Amino acid sequence: MKTEYIHQKLKQIDKKQFQHDLITWFENEQRDLPWRKSQDPYKIWISEIMLQQTKVDTVIPYYERFINKFPTPADLSSATEQEVLKAWEGLGYYSRARNLQHAVREVVSEYGGIVPNTPERLGSLKGVGPYTTGAILSIAYDIPAPAVDGNVMRVLSRIFLIEENIAKPSVRSLFEHFVEKLISKQNPSSFNQGLMELGALICTPNSPACLLCPVQQHCQAFAEGKELELPIKEKAKKKKIIPYTVLVIRDDHEGFLIEKRPDKGLLANLWQFPMAPLSDIDKKSIPHWFYGEYGIKIKIEKQIDTMKHVFSHIIWELDVIEASIIEEDANKMERPDTTVVSIQDMANFPMPVPHQKIVKQLQ
DNA sequence: AAGCCGGGGGG
DNA sequence: CCCCCAGGCTT
């Protein structure tokens, strides 16, 4: 049934002509991007992980710094996790960085530092899913494998007028079967990158430049004036708002109290100023709450700022206040994951963006 | 299949 | 304010 559907759709375009039009356009019009200067599988890999859910312009400076700091798998393998997180600071989805280092260590120990070139070995590495597997195979190794991301699904849903909900995992698999049939065996790298580049430059979500499109004559959505109706996608759910009071606590020697977040979940292993959950406690009872949690008596000095930070699924509403230490109870065990550092030394600790902003204000 | 996981930019 | 993302892991 599915194969019949794909076959039916594919019959409606001239495959060879489509490949030629797409590849020729890509090779003439592609952007000059740092990861396109080499075919080094390690560098392609780094770029593909960074590009997950992240725009090209954001990635470029991170990629340059990262490759500079960790030029080879061996370099990344021997770094500390905090170094890697610091290099990733601000990029988001920090599990990407942890998984990447874990996988690179496996490549060094199991494959002599050579990135594997089979879908099975590549796809079993941590953080390397179906998309990244196909991207590395095709771009670094010239192997015809589908690399289907949101861009590719948007482009192909328009070209073939596919009215399936692209948010469903089963539909991504449908698109992979499509690309397996459609991909150029001679030049899978330019074919895959061409689809993605087209999605980034021409076949954009809200205002596609169909009049400039190199594959316009193949596009069924354009022919029927439906390009703005595709792809079909379910609406995102509402984000839950979570209020916190952020405590910027000074000691008597220009030091500030920061803590390491848990090693799982949101912003794992990053550092932050302590945060009191306002949904659990009353604002007036913050010093009492803090004494219970940290064993340190504090006094609220003044409000510094309020800020809102939007994540993929929640929203932090932050009330930032300054506090001072009244008295420290030496009998109470200090939390192992807290430390007192100067503003200057804080630069060595990876912190979430809203906390980076607080640091910047304190300077 | 659904939830979790960041951050920035555009309209 | 809304929307858009060059995905993968966990449950």
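Just so we're on the same page: letters track the sequence lines, and every chain starts at 1. Since the structure is predicted, the reported quantities are computational estimates derived from the model, not experimental observations.
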Value in whole Å for how far the [atom2] atom of [N] lies from [atom1] of [X]:
X        : N     : atom1 : atom2 : value
A/Ile60  : C/dA6 : CD1   : C1'   : 13 Å
A/Glu234 : B/dA2 : CD    : C1'   : 9 Å
A/Lys126 : C/dC9 : NZ    : C1'   : 8 Å
A/Ile49  : C/dG8 : CD1   : P     : 7 Å
A/Lys43  : C/dA6 : NZ    : P     : 25 Å
A/Gln30  : C/dA6 : CD    : C1'   : 15 Å
A/Leu85  : B/dC5 : CG    : P     : 16 Å
A/Arg154 : C/dC5 : CZ    : P     : 6 Å

Seminar exercise, completed: Checking C/dA6, C/dC1, C/dT10 against the side chain of A/Lys308 (C-beta onward), the nearest is C/dC1
Exercise. Between A/Val152 and A/Lys238, who's closer to the 5' end of DNA chain C by nearest nucleotide?
Worked result: A/Lys238
Quick one: label [X] by what it contacts on the DNA or RNA (base, sugar-phosphate, nothing), any heavy atom closer than 4.0 Å.
X        : answer
A/Arg98  : nothing
A/Arg261 : nothing
A/Ala200 : base

Seminar exercise, completed: Sorted by chain and number, sequence neighbours left out, ring pair (Phe, Tyr, Trp, His ring centres under 6.0 Å) with A/Phe222 holds for none
With the threshold set at 4.0 Å, does a side-chain nitrogen-carboxylate oxygen contact exist between [X] and [Y]?
X        : Y        : answer
A/Arg36  : A/Glu197 : yes
A/Glu176 : A/Arg172 : yes
A/Lys86  : A/Glu89  : yes
A/Glu259 : A/Arg261 : no

Problem set entry | Cation-pi geometry met for A/Arg65 and A/Tyr62 (6.0 Å, 45°) | yes
For this session: List the steps and the verdict of side-chain contact (heavy atoms from CB on, under 4.5 Å) for A/Phe26 and A/Leu198.
Result: CA-CA 8 Å; A/Phe26 174 71; A/Leu198 193 63; over 6 Å; no
For this session: Going 5' to 3' through nucleotides 6-11 of chain B, assign each nucleotide B (protein heavy atom under 4.0 Å from a base atom), S (under 4.0 Å only from sugar-phosphate atoms) or - (no protein heavy atom that close).
Result: BBB---
Problem set entry | Crowding at CD, A/Glu27 (>12 non-hydrogen neighbours, <6.0 Å) | yes
For this session: Please check if atom NZ in A/Lys239 has more than 12 non-hydrogen atoms from other residues, nucleotides or ligands closer than 6.0 Å.
Result: yes
Exercise. Would A/His7 and A/Tyr5 count as a close aromatic pair, with their ring centres under 6.0 Å?
Worked result: no
For this session: Apply the side chain to side chain donor-acceptor pair (under 3.5 Å) test between A/Asp21 and each candidate in A/Lys16, A/Gln217, A/Gln216; give the one that qualifies.
Result: A/Gln217
Using the [atom1] atom in both, what is the distance from [N] to [M], to the nearest Å?
N      : M     : atom1 : value
C/dT11 : B/dG6 : P     : 15 Å
B/dC4  : C/dA6 : P     : 23 Å
C/dC9  : B/dG8 : C1'   : 23 Å

Problem set entry | DNA chain B base-pair string [pairs: Watson-Crick or G-U under 3.5 Å; |: paired with another strand] | |||||.|||||
For this session: Pull out every residue in residues 180-193 of chain A that has a heavy atom closer than 4.0 Å to any atom of DNA chain B, ordered by number, or say none.
Result: none
Exercise. Does A/Lys233 put a side-chain nitrogen or oxygen below 4.0 Å from OP1 or OP2 of C/dC5?
Worked result: yes
Exercise. Closer than 4.0 Å, any side-chain N/O of A/Thr132 to the OP1 or OP2 of C/dG8?
Worked result: yes
For this session: Could I get the full list of side chain to side chain contact (heavy atoms under 4.5 Å, CB included) partners for A/Gln344, not counting sequence neighbours?
Result: A/Ser342
For this session: Can you tell me which residue pairs pass the ring-ring contact (aromatic ring centres under 6.0 Å, His included) test with a partner in residues 138-185 of chain A, sequence neighbours excluded?
Result: A/Phe160-A/Phe178
